[in-house]
Amino acid sequence: MSGSRTTLNDLAAADQLAAAATVAAQAPSIHNTQPWRWHIRTRSADLYLDASRQLRATDPDRRLAMLSCGTALHHAQVALAAAGTPAEVQLLPQPDDPLYLAKIIVTENARPMPNAQRLRDAIGIRHTDRRPPKRQPMPATVMPLLQATAANHLSGLQPLDRGQVLELAAAISRAQADETSDAATRDELNTWTGTDRQSGMGIPDANIPTGPTSTTAPTRDFGHVGTLPVNDQNDDAATYAILYGYADDPRAWLRAGQALSDIWLAATTMNIALLPLSAAVETPHTRQLVNSLLTDIGYVQIALRLAIPDPAQGDAPRTPRLPATDTIERA
Ligand SMILES: Cc1cc2nc3c(=O)[nH]c(=O)nc-3n(C[C@H](O)[C@H](O)[C@H](O)COP(=O)(O)O)c2cc1C
């Protein structure tokens with residue numbers, strides 16, 4: 001009797017884990033590479049980095065792939081918590097396997113996640129918006145909430161003053177100039193961005209602006225224009241910030257990914273649009289420049305633009321995703 005109950009519970013746990021991995025597919029990732037792979041077991045799920053979707057020229061250390069996998073991990077945690085399935089996470093459970101990133105274990109002892117249902121609802125509407133935002137600063141209450149969210153993941157979020165934003169802008173311009181003069185990085189951009197992306201990966205033309213946007217810090221230079229209509233409004237009212245960690249190693253990158261997901265979902269619940277600016281960390285030189293803007297002792301993980309979206313622009317188109325069978329395996 002108790003044996004059959006255990007079997008049923010195990011099956012239900014595996015179903016919940018598979019469902020959470022399916023929800024996690026909606027997570028953001030660098031160039032929409034979705035560099036994750038899940039193995040669903042009886043009462044646990046293992047998250048691996050799929051190195052075949054690593055951007056070898058843009059992201060040779062895998063820091064952005066790790067951040068991306070951290071966002072998927074946090075999305076899965078939110079899905080489980082909202083479904084009422086208590087779970088805990090071990091990061092890098094096998095130190096000799098750098099691609100084995102995390103294990104989620106279903107256990108009654110797990111701590112509950114506040115706001116799980118609100119964050120779960122935000123997963124369905126969160127997206128990257130590259131269009132000019134509204135010319136109205138975000139409410140003063142937002143940044144402290146997002147900073148507390150970052151702190152829950154042993155990370156920090158530092159808003160930048162005007163002078164620091166100009167320094168960030170110079171660092172990003174420098175990184176993008178270096179990257180566009182590098183043939184391998186250009187090839188990678190061409191491989192992962194543009195067209196209609198029927199493969200389910202990458203950034204379609206529909207999500208790339210029709211021309212340069214009037215921003216304080218440059219947004220991603222995709223090397224070509226897309227079909228996303230943009231106006232010529234500037235983003236003076238936006239807040240730029242640096243998400244940082246207290247170490248610069250794979251564990252800190254994963255945590256920063258979890259923090260990025262949590263911040264992005266919390267921002268979404270407050271109608272705040274978030275745009276990641278990862279060129280700020282894509283070359284050692286610019287990482288160093290951006291690190292020097294931190295007032296705390298820390299290591300930059302990514303730069304962010306936070307702003308109120310312009311309601312006149314309507315909904316931004318959604319990006320595609322790989323079929324679940326490509327990223328989720330059930331034992
Ligand atoms: C680690 C990371 C870095 C990113 N860097 C940039 C960036 O520099 N510029 C940009 O426009 N989008 C950036 N993005 C957003 C991705 O392009 C986006 O998440 C992906 O295309 C999926 O689209 P979605 O967020 O609308 O679901 C980044 C996302 C992540 C997770």
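This is a predicted model, so every value here is computed, not measured. Ligands are counted one by one from 1 in listed order, and the atoms in each one are counted from 1 as well.
Listed by number with element, the atoms of ligand 1 under 4.0 angstrom from any heavy atom of Ile203 are 17 (O), 21 (O). With ligand atoms numbered from 1 in the order given, ligand 1 contributes 8 (O) to contacts under 4.0 Å with heavy atoms of Leu277. Atom numbering of ligand 1 starts at 1 in the shown order; those under 4.0 Å from a heavy atom of Arg126 are 24 (P), 25 (O), 27 (O). Counting the atoms of ligand 1 from 1 in the order shown, those under 4.0 Å from a heavy atom of Leu275 are 11 (O). Residue Ile302 has at least one heavy-atom neighbour below 4.0 Å for each of these atoms of ligand 1: 1 (C), 2 (C), 3 (C). Listed by atom number, the atoms of ligand 1 under 4.0 Å from Arg220 heavy atoms are 7 (C), 8 (O), 9 (N), 11 (O).
For the salt bridge (charged side-chain N to carboxylate O under 4.0 Å, His left out) condition, the pairs that include at least one residue of residues 224-236, sequence neighbours left out, are Arg135-Asp236, Asp235-Arg305.
Side-chain polar atoms of Glu188 and Asn190 form no donor-acceptor pair below 3.5 angstrom. A donor-acceptor contact under 3.5 angstrom links the side chains of Asp121 and Gln117, judged on distance only. A donor-acceptor contact closer than 3.5 angstrom is absent between the side chains of Asp315 and His127.
In this structure, Asp129 has no heavy atom closer than 4.0 Å to ligand 1. Judged by the shortest distance from any of its heavy atoms, Arg321 lies inside the 4.0 Å radius around the atoms of ligand 1. The closest approach between Arg318 and ligand 1 stays at or above 4.0 Å for every heavy atom of the residue.
With a 4.5 Å cut-off between side-chain heavy atoms of Ile, Leu, Val, Met, Phe, Trp and Tyr, the cluster of Val281 takes in Ile30, Leu55, Leu64, Leu160, Val165, Leu168, Ile172, Trp192, Met201, Tyr240, Ile242, Tyr244, Tyr246, Leu275, Leu277, Val290, Leu293, Leu294, Val300, Leu322.
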Item to check | Worked verdict on Arg186 versus Asp221 for salt bridge (charged side-chain N to carboxylate O under 4.0 Å, His left out) | outcome: CA-CA 10 Å; Arg186 273 203 318 270; Asp221 177 0; over 6 Å; no
Checklist entry - Between Arg131 and Asp310, is a salt bridge (charged side-chain N to carboxylate O under 4.0 Å, His left out) present by the stated rule, with each step listed? => result CA-CA 8 Å; Arg131 301 172 301 181; Asp310 181 353; over 6 Å; no
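The distance criterion of under 3.5 Å between nitrogen or oxygen atoms is met by Thr319 with respect to ligand 1. Annotation: Gln26 places no N or O atom under 3.5 Å from an N or O atom of ligand 1; distance criterion only.
In terms of protein heavy-atom proximity, atom 20 (C) of ligand 1 is nearest to Ser29 O, 3.4 Å. Protein heavy atom at the shortest distance from atom 15 (C) of ligand 1 is Thr128 OG1, 3.5 Å. Of all protein heavy atoms, the one lying nearest to atom 11 (O) of ligand 1 is Arg130 NE, 2.6 Å. Here the heavy atom of the protein found nearest to atom 9 (N) of ligand 1 is Pro276 O, 3.2 Å. At the shortest separation from atom 19 (O) of ligand 1 among protein heavy atoms lies Pro28 CB, 3.2 Å.
Between Asp59 and Arg63, none of the side-chain N atoms (NZ, or NE/NH1/NH2) sits under 4.0 Å from a carboxylate O, so this pair counts as no salt bridge.
No donor-acceptor pair under 3.5 Å is formed between the side chain of Arg120 and the backbone N or O of Ala82.
Contact between Pro311 and Lys134 at its shortest, heavy atoms only, is CD-CD, 3.9 Å.
Tyr100 and Ile40 fall into different hydrophobic clusters, where Ile, Leu, Val, Met, Phe, Trp and Tyr residues are linked whenever their side-chain heavy atoms come under 4.5 Å apart, directly or through other members.
The option from Ala280, Ser278, Cys69 that lies nearest to atom 8 (O) of ligand 1, judged by heavy atoms, is Ser278.
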